[in-house]
Each structure stands twice: as structure tokens, then as C-alpha cells.
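Please read the structure below before turning to the comments.
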Amino acid sequence: MKNNSRIALSLVAVLALAGCGADGSAADKEPAKSDDKSPLAEYMGEGFTSFGGGGMMRAVRIGGGEESSEEQLAKQRKVEDATVACMKAAGFEYVAVPPESQGKSKFDEAFKLPPDKFAEQYGYGISTIDWSKAGEADDNNPNTKIRKALSPKAQKAYDKALNGQFAQGNVAIAKGDSTSSTAKPDTGCRGKAAEEVFGKRDEKLADFKKFDSLFKDIEALRKRIEADQRVVDATAAWSDCLADAGHSGFKKPDEPREKISKKLDELTGATKGGPSKGGPAVVTGPPSFDKVDAAKLADLRKEEIELAKADQTCKKKFEEPFKKAQYELEKEFVEANKTQLEQYRDTVSER
């Protein structure tokens with residue numbers, strides 16, 4: 001995907017699933033951090049983060065900072081009500097679950113731990129947490145009970161009605177780049193309900209198209225931060241620290257996580273969903289560890305925890321210099337692009 005449209009497509013994809021309660025992958029979850037927002041994050045919305053090393057900036061979900069929580073909850077209630085009506089028309093029972101009472105992942109408490117404590121217990125939370133089991137504790141959800149009471153065949157039909165043509169266990173549909181096809185994918189009752197409340201995907205994408213130049217400038221900013229001498233020196237110090245701890249070969253701070261994630265993919269046989277020709281991007285749910293070689297998984301978990309612990313210690317040499325460079329350059333960027341950033345923020349808040 002082109003860099004200048006990466007953020008816009010991320011936002012639109014999430015709109016398609018708004019109110020669905022779909023779990024993200026472990027790669028998008030990190031232990032608790034400071035609530036301190038960078039100058040640019042104030043405009044880009046909740047979920048916009050800047051990561052050192054790769055300098056990756058992304059919006060992983062629609063920012064809600066400019067809209068009151070009650071307004072957002074009201075929209076989620078509408079999505080639930082619309083899902084009820086849609087499922088009834090499809091011949092299935094579905095009970096609207098108030099967003100305030102929707103169950104949380106049983107791993108939520110783990111991600112409230114400080115980064116160092118989380119690393120000691122879970123590493124990065126990649127191979128150490130079986131995300132396919134994240135929703136199993138949500139037995140208080142009436143829809144979980146309704147689905148469990150169905151036959152295996154009826155469950156598949158229920159899943160398809162609820163989540164669309166790509167429903168398969170934990171698979172969710174995220175509308176991707178379908179410019180090469182006029183066929184509209186079936187996103188199920190949840191997708192239809194979200195579209196009804198939050199607006200159509202094409203209209204939302206058009207809203208963000210006008211910010212292509214802004215996204216290009218943000219990508220250029222990322223590269224400037226990465227190339228800043230303070231960041232270059234801090235990255236080298238971090239790399240040397242990891243090597244001294246027995247973990248050599250890492251050049252950028254996002255590489256340790258990527259290494260563990262890749263090893264887990266190889267172990268589980270997982271593949272990354274992406275836009276298919278003439279179709280949408282399919283974001284698959286996390287793979288189950290049930291059929292993974294237990295000994296190999298144990299070895300990977302041990303490696304992950306040891307690497308994450310060393311990473312957390314060594315990042316102390318990196319984070320402060322990176323933050324100083326990031327905030328300084330972002331402040332200059334905001335001052336030079338304030339009008340367009342305010343327009344972007346307003347567009348997001350009016351979703």
C-alpha cells in the first residue's frame with residue numbers, strides 16, 4: 001500500500017468494523033504507557049503512535065478525542081440495534097449488548113502492567129498469549145450462549161450472517177483496496193449496521209483522499225525523525241546494548257518484535273491477509289496454538305521473554321533522545337501545517 005494512503009485506509013477499515021468488538025492482533029497491542037501525547041498525535045487522533053527505530057507512524061483506529069464518550073457509545077448502541085434487526089431478518093436471534101457491558105478480553109489486565117513488568121511475564125505478548133482464546137471467557141454475552149446452542153452447521157450460517165462472506169472462526173472482514181472490482185463484499189449484519197451508522201466506506205475514503213498530501217508530508221516527517229542524529233546515535237546505543245546482552249543483529253527497535261512475530265507465523269503456518277486482486281483485504285484473526293508443537297512453542301516463548309526483557313532495559317538508552325527529536329520536529333511540522341491538521345481532525349471527529 002502506498003505510504004500516503006496508509007493512514008486513510010487504516011481508518012476506513014476500522015469504520016467498517018466499528019462497534020463489532022473484533023479483537024486486533026497482538027502486534028497492535030502493547031502494555032500500558034504514558035498518556036502523554038506528541039504534538040502531532042493531538043491532531044491525528046486516538047491510536048496515532050510514533051514508534052522508534054522504524055519510526056512507524058500509524059493510526060490504528062479512529063480517534064475519538066474530539067467526540068464525547070457518550071456520543072460514541074450512542075453510535076455503538078445504534079450499531080447493536082441495527083445488527084439485531086438484520087439478524088432477525090436473516091432468521092437468527094441476536095441480542096443487543098450495551099457497549100458499557102460488553103466483555104473485555106481476559107488479557108486486558110495483563111496489558112495494564114507497566115512495560116517492564118509485562119516483558120517479564122509476557123515478553124511482547126506475541127507467542128506468550130493465545131489470542132484465539134481471548135473471547136472464551138465472555139460467557140456473560142447472551143450471543144455467545146445463543147451461538148453455542150446451535151449445531152456446527154447452524155453456527156457457520158450464523159457466523160456468515162453476522163460477519164459476512166469471509167466469516168470463518170475469528171476471521172473478520174476489513175474493506176480494503178477494491179478499486180479493481182465493482183463487486184461489493186458481503187460484510188454481514190455487523191458490517192451493514194456499522195455502515196448504516198458510521199457511513200459508507202467509499203464516502204469515508206473520499207473524505208480522506210483530500211489529505212493525501214498531508215500523509216505524504218507525515219511520511220517525510222517520519223524519515224526526518226529517523227535520520228535525526230540524536231535518533232541515529234540512540235539507535236546505535238540501543239543496538240550495542242542488546243548485543244552486549246546476547247541479542248545481536250538488530251538495527252531498528254521494532255525488529256525484535258518483528259523477529260518473534262515472524263517465528264510464530266512460521267510455527268503456526270499463519271499468513272498475513274492482504275488485498276486480493278479484485279477483492280477486499282481480509283484480516284484474519286489470531287491463529288490457535290492448539291496444534292502447534294508444544295516444545296517449540298515453549299522455546300519461542302522463552303526466547304521472546306528474554307529478548308523483551310533485554311529490549312526494555314536497552315530502550316532506556318533510546319526513548320528519551322527519540323522523544324526529544326520527535327517532539328521537536330513534530331512541533332515544527334504542526335506549526336507549518338496547522339490549518340490542514342485541524343481540517344483532518346475535524347473530518348475524523350465528524351465521522
Side-chain angles (χ1 to χ4, degrees), residues 21-36 46-47 49-54 56 58 60-61 102-139 169-170 172 238-239 241-250 252-272 283-319 322:
D23 288 324
S25 69
D28 287 333
K29 294 179 180 290
E30 293 194 35
K33 292 184 178 180
S34 168
D35 291 332
D36 182 29
E46 181 184 5
T49 54
S50 300
F51 295 99
M56 182 173 63
R58 63 180 177 176
V60 293
R61 54 183 170 144
Q102 287 182 0
K104 296 182 179 181
S105 163
K106 61 183 180 181
F107 303 118
D108 279 2
E109 289 300 317
F111 279 89
K112 291 180 181 178
L113 293 171
D116 57 339
K117 298 298 182 183
F118 183 90
E120 291 175 2
Q121 296 184 47
Y122 301 99
Y124 298 109
I126 298 174
S127 69
T128 57
I129 294 177
D130 188 346
W131 287 99
S132 69
K133 304 293 193 298
E136 290 188 353
D138 192 19
D139 289 331
N170 284 323
W238 164 85
S239 179
C241 176
L242 264 188
D244 291 341
H247 307 282
S248 60
F250 296 108
K252 295 183 178 181
D254 54 355
E255 290 179 353
R257 287 176 59 90
E258 291 176 354
K259 177 182 179 181
I260 298 300
S261 183
K262 183 178 180 179
K263 283 192 172 185
L264 180 63
D265 287 342
E266 293 172 351
L267 196 59
T268 61
T271 57
K272 302 295 184 182
V283 180
T284 60
S288 171
F289 295 167
D290 290 346
K291 296 182 180 180
V292 172
D293 185 295
K296 291 181 178 179
L297 181 60
D299 288 341
L300 180 57
R301 286 173 169 172
K302 181 179 179 181
E303 177 185 352
E304 177 178 345
I305 290 174
E306 291 304 313
L307 178 56
K309 285 164 59 179
D311 193 8
Q312 279 299 320
T313 298
C314 293
K315 275 184 177 176
K316 294 175 183 177
K317 299 177 179 290
F318 172 84
E319 289 176 342
F322 174 81

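The shortest non-hydrogen separation linking Trp238 to Pro256 is CZ2-CG, 3.8 Å. For the pair Leu297 and Ser127, the tightest heavy-atom approach, listed with the atom from each and the gap, is CD1-O, 4.0 Å. The two residues Cys314 and Leu242 come nearest to each other via the heavy atoms SG-N, 3.4 Å.
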Identify all side-chain donor-acceptor contacts of residues 243-250 below 3.5 Å with residues at least two apart in sequence or on another chain.
none

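Under the 4.5 Å side-chain criterion, counting only non-hydrogen atoms from C-beta, Cys241 is not in contact with Phe318.
Partners of Lys263 by side chain to side chain donor-acceptor pair (under 3.5 Å), not counting sequence neighbours, listed by chain and number: Glu303. For Lys309, the salt bridge (Lys or Arg N to Asp or Glu O under 4.0 Å) partners are Glu306, not counting sequence neighbours. Scanning for side chain to side chain contact (heavy atoms under 4.5 Å, CB included) contacts around Thr128 gives Tyr122, Arg301, Glu304, Ile305, with sequence neighbours left out. Taking the side chain to side chain contact (heavy atoms under 4.5 Å, CB included) definition, one finds that Lys302 meets it with nothing, sequence neighbours left out. Asp293 pairs by the side chain to side chain contact (heavy atoms under 4.5 Å, CB included) definition with Ala295, Lys296, not counting sequence neighbours. Applying the side chain to side chain donor-acceptor pair (under 3.5 Å) test to Glu266 and every residue at least two apart in sequence or in another chain returns nothing.
With rounding to the nearest 0.5 Å, the separation of CG in Leu307 from CD in Glu255 is 11.0 Å. The distance from the NZ atom of Lys315 to the CG atom of Asp116 is 12.5 Å, given to the nearest 0.5 Å. Interatomic distance, Asp290 CG to Asp130 CG, rounded to the nearest 0.5 Å: 6.5 Å.
Between the side chain of Thr268 and the backbone N or O of Leu264 there is at least one donor-acceptor pair closer than 3.5 Å.
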